[in-house]
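Working notes, structure below.
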Amino acid sequence: MANLTDRLDIISNHSYGVYEYARTSYDHRYYHIKTSITHQSYLMTRIEFKGYCYGNNQFIDCWWTFYPYDYFIAHNQGYLTGGMIPVTSYKSSDNYVCVYGDLGSNTGDVFFNVNIITANPTSGGAVNTTVLSAASTASSGTYY
Amino acid sequence: MANLQSPLRIGTNTGAGSSGYAQQFQIWTFNEFYADNYVNHYLHIKTDLVPTDKIVRFEALGYHYGQAKFIRNDWAVYAYNNVVYDRTRANYAGGALDAYAPYKSSDGYTVLKMFGTSWYFAAFILNVYTWGMSSTYGTNVNVLSYVINTNSGSHY
């Protein structure tokens, strides 16, 4: 049995438990994370949120994929279940890649985990990523 | 190479009073060869989750050779005040098995239930996601026993 109190990094580009979130208040919230991935890092990335929203009684299973090339490409996003609807990925004012999603109108007692897969074929390797900052907001739109 | 024995538990629940790990992979493996297919049988999985204010998401992931389909099912369980609440479940299009309502065993544990039109060469792992808010909702979960039969009600 393996109990890891911190994240698990596998072959340097597949990380489980990069970040955890839980919140109890019942209201409409959007959730943003600011990653350590910089614009023009050429780091192809998939970010996954996985959890459950008691207030909306829906599972959270959503993802974003992007490629921060010479210009930022938000390639794709999607979800299996409606606990969180991805809104977009975007570049922060200080040049980091962020993602955010809509937790819906009744978000009470919500939790999710963040897992990240990266690859970087143009430079032959990948890097571990972190969440630099996270925030929930009452209104839509970019935050960072 | 690192080979980590199951269950693999990652990330402590950080809320005050919480315990357990946020992501718990392969807390149990179902890996059975039923030559007679076990047509229209129910799988009852008895866990050690007791209804003392816990919110848990279960996830079954695997493959059903007999049906040539994937296995993926989810349960959200609110085990509270001596009651096992069936919050919601997910069966995905193209999947082999159906998640049925969980129930409380006669000795007070949470039991998951699945239905299959057949069980010939079916295998899956069971993962758990728990809760790290400022309460007691998080916990580690283990499987105590299981049985497969035609009982559509409560076996345990």
Given B:N140, B:T88, B:V56, B:T12, the one with more heavy-atom pairs under 4.5 angstrom with chain A than any other is B:T88

Relative to B:Y78, does B:R87 satisfy both conditions: NZ or CZ under 6.0 angstrom from the six-membered ring centre, and within 45 degrees of the ring's axis?
-> no

Which answer fits B:E59, side chain, backbone, both or neither, if we ask what part of it has an atom under 4.5 Å from a heavy atom of chain A?
-> side chain

Is the count of non-hydrogen atoms from other residues, nucleotides or ligands lying under 6.0 Å from A:Y96 atom OH greater than 12?
-> no

Examine whether an atom of B:Y21 lies under 4.5 Å from a heavy atom of chain A, and if so say whether it belongs to the side chain, the backbone or both; otherwise answer neither.
-> side chain

Verdict with reasoning, A:Y69 to A:Y42, per ring-ring contact (aromatic ring centres under 6.0 Å, His included) = CA-CA 5 Å; A:Y69 186 55; A:Y42 291 60; 5.3 Å; yes

Residues 78-88 of chain A vs chain B, non-hydrogen distance cutoff under 4.5 Å, contacting residues -> A:L80, A:T81

B:F58 vs B:D74 side-chain heavy atoms within contact, under 4.5 Å = no

Are A:S133 and A:Y144 close enough, and set up right, to give a side chain to side chain contact (heavy atoms under 4.5 Å, CB included), and what steps lead you there?
-> CA-CA 9 Å; A:S133 178; A:Y144 290 109; 2.7 Å; yes

Honestly, the part of A:F112 sitting under 4.5 Å from a heavy atom of chain B is neither

Between B:R72 and B:Y92, is NZ or CZ placed under 6.0 angstrom from the six-membered ring centre and within 45° of the ring axis?
-> yes

In a check of ring-ring contact (aromatic ring centres under 6.0 Å, His included) between B:Y42 and each of B:Y146, B:F115, B:Y103, B:Y156, which one passes?
-> B:F115

Interatomic distance, NE2@A:H28 vs OG@A:S139, rounded to 0.5 Å, equals 10.0 Å

Do you know which of A:Y52, A:Y54, A:Y31, A:Y21 makes side-chain contact (heavy atoms from CB on, under 4.5 Å) with A:V110?
-> A:Y21

Applying a strict 4.5 Å limit to non-hydrogen atoms, the region of B:S6 in contact with chain A is backbone

Which atoms of A:N57 approach chain B - backbone, side chain, both or neither, heavy atom under 4.5 Å = both

